[in-house]
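Worksheet for the structure shown next.
The sequence lines fix the lettering, A, B, ..., with proteins before strands; numbering per chain opens at 1. Heavy atoms only: backbone and side chains are in, while hydrogens, waters and symmetry mates are out.
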Amino acid sequence: MKINQRHDWPLTAEEAIIIQQQLASEVITSDQLTTVQHVAGVDVGFTESGSTTRAAVAVLSFPDLQLQEYTLAYRPTTFPYVPGFLSFREVPAVIEALEKLNITPDLILCDGQGIAHPRRFGIACHLGLLTDIPAIGVAKSLLVGKYDELPEQQGAWQPLVYRGETVGAVLRTRTRVKPVYVSSGHRISLPTAIDYVLRCITKYRLPETTRWADKLASNRGSILPAN
DNA sequence: GCGACAG
DNA sequence: ATCTTGTCGC
């Protein structure tokens, strides 16, 4: 798929904040999706002491969740990990991997937050805007916000509140397992996002999309080409 | 000023 | 994220 470059990649947090504030105003948190036939999972891993960023995209059919295609991209790491600026470290490589895709996904599940972010612009928002594809943030841990305890049952959830606003949901994807943090990335509402995340869950805590992407980005099973 | 802090 | 073996539990 083709992706139009909307900005240069900043080298400092100060420059990154300006970009986040500009793009955050363009994020859409209402449903604007087409029929979902393909769901993509995205993840990033690091090699060579972190100097190389490896991005993986896995496209699964929906709703049957069978792997249809995957791409990889390697790039030198140019931005450090700073909470609140994860996208500037990972998105450049992800974009490159997405451009190699033959199938254009109808929905993207990201490993990280959507609008559940200090400036309402997590990695799912960034990827959603750059690709103009509906995107959901599914994070394994909390970045910002508070929430009440939730039932142990699969499907239970509680609003994630930050500065008086509901920015996401804390969702129990499997009974008695630690919950995940779901938030809108772009072109999707929270209720719809929760629904899709649950529909991508089979027998594990994380969606099959992110499990595939994670496996590919970390090269487990030695199924990847060296480069 | 003191903590908190996606991956 | 990454460094790393065995081990407890279903």
Side-chain angles (χ1 to χ4, degrees), chain A residues 9-10 13-14 16-17 19-20 23-24 27 41-58 72-97 108-130 135-147 152 154 160-163 167-171 173-186 190 193 197 202-207 209-222 224:
Chain A
W9 294 106
E14 295 67 52
I17 279 191
I19 295 174
Q20 290 183 323
L23 297 185
V27 169
V42 160
D43 196 25
V44 165
F46 298 88
T47 58
E48 296 155 51
S49 307
S51 58
T52 296
T53 301
R54 170 171 49 202
V57 177
L72 298 168
Y74 299 78
R75 287 190 50 139
T77 304
T78 60
F79 205 92
Y81 169 67
V82 181
F85 300 93
L86 177 68
S87 66
F88 296 95
R89 177 174 168 80
E90 305 193 342
V91 168
V94 173
I95 290 298
E96 207 169 287
I108 299 175
L109 267 57
C110 305
D111 197 359
Q113 316 288 346
I115 62 172
H117 178 280
R119 286 165 297 283
R120 308 289 199 279
F121 198 69
I123 188 169
C125 301
H126 209 151
L127 274 178
L129 269 184
L130 295 187
I136 302 172
V138 183
K140 299 183 293 297
S141 61
L142 183 68
L143 176 59
V144 296
K146 298 175 183 174
Y147 59 96
E152 293 291 344
Q154 172 181 51
L160 175 59
V161 179
Y162 180 57
R163 295 181 183 172
V167 295
V170 185
L171 174 68
T173 53
R174 295 286 288 165
T175 299
R176 277 181 289 280
V177 300
K178 191 208 295 185
V180 297
Y181 304 82
V182 177
S183 57
S184 304
H186 189 47
L190 183 58
V197 168
T202 58
K203 56 182 301 194
Y204 303 100
R205 174 167 87 119
L206 300 176
T209 41
T210 49
R211 293 189 73 248
W212 266 111
D214 185 66
K215 189 174 301 186
L216 293 165
S218 64
N219 195 6
R220 278 174 287 165
S222 60
L224 306 181

Stem ranges of DNA chain C by first residue number, counting only runs of at least 3 Watson-Crick or G-U pairs under 3.5 Å, come to none
Grab the two heavy atoms, one from A:His117 and one from A:Leu143, that are nearest each other, plus how far apart they are. CD2-CD2, 4.0 Å
Between residues 113-124 of chain A and DNA chain B, which residues have a heavy-atom gap below 4.0 Å? A:Gln113, A:His117, A:Gly122, A:Ile123
Which heavy atom of A:Ala97 sits nearest a heavy atom of A:Ala55, and at what distance? CB-O, 4.2 Å
By salt bridge (Lys or Arg N to Asp or Glu O under 4.0 Å) - contacts of A:Lys140 (at least two apart): A:Asp111
The side chain to side chain donor-acceptor pair (under 3.5 Å) partners of A:Asp43 (sequence neighbours excluded) come to none
Looking at A:Ser183 and A:Gly114, would you say the former's side chain and the latter's main chain have a donor-acceptor pair under 3.5 Å? yes
What dot-bracket string describes DNA chain B from 5' to 3', counting Watson-Crick and G-U wobble pairs whose defining distances are under 3.5 Å, with [ ] for crossing pairs and | for pairs to another strand? .......
For A:Arg119, all residues meeting side chain to side chain donor-acceptor pair (under 3.5 Å), sequence neighbours excluded: A:Gln20
Which value, rounded to the nearest 0.5 Å, describes the distance between A:Cys125 atom SG and A:Ile136 atom CD1? 11.5 Å
Identify every side-chain donor-acceptor pair in residues 76-95 of chain A under 3.5 Å, counting partners at least two apart or on other chains, and give the distances.
| residue | atom | partner | partner atom | Å |
| --- | --- | --- | --- | --- |
| A:Thr77 | OG1 | A:Gly50 | O | 2.7 |
| A:Thr77 | OG1 | A:Ser51 | O | 3.3 |
| A:Thr77 | OG1 | A:Thr53 | N | 3.4 |
| A:Thr77 | OG1 | A:Thr53 | OG1 | 2.7 |
| A:Ser87 | OG | A:His126 | ND1 | 2.8 |
| A:Arg89 | NH1 | A:Phe79 | O | 2.8 |

Mind checking which nucleotides bracket the chain A contacts on DNA chain C, 5' to 3', with an atom under 4.0 Å from a heavy atom? C:dA1 to C:dT2
With distance as the sole test, does A:Thr173 use its side chain to make a donor-acceptor pair with the main-chain N or O of A:Arg205 at under 3.5 Å? yes
Nt span of DNA chain B in reach of chain A heavy atoms at under 4.0 Å, 5' end first, is B:dC5 to B:dG7
Which residues pass the side chain to side chain donor-acceptor pair (under 3.5 Å) test with A:Lys178, sequence neighbours left out? none
Indicate, with a heavy-atom threshold strictly under 4.0 Å, whether A:Phe46 touches base, sugar-phosphate, or nothing. sugar-phosphate
Can you list everything that forms a side chain to side chain donor-acceptor pair (under 3.5 Å) with A:Tyr162? Sequence neighbours excluded, please. none
Taking any heavy-atom pair under 4.0 Å as a contact, classify A:Gly45: base, sugar-phosphate, or nothing. sugar-phosphate
With no hydrogens and no angle check, is any side-chain donor or acceptor of A:Arg54 less than 3.5 Å from a backbone partner on A:Tyr74? no
Applying salt bridge (Lys or Arg N to Asp or Glu O under 4.0 Å), name anything that partners A:Glu152, two or more places apart in sequence or on another chain. A:Arg172
Nearest heavy-atom pair of A:Ala135 and A:Ala124: which atoms, and what distance? CB-O, 3.4 Å
Would you confirm whether A:Gln113, through its side chain, and A:Leu142, through its main-chain N or O, come within 3.5 Å as a donor-acceptor pair? no
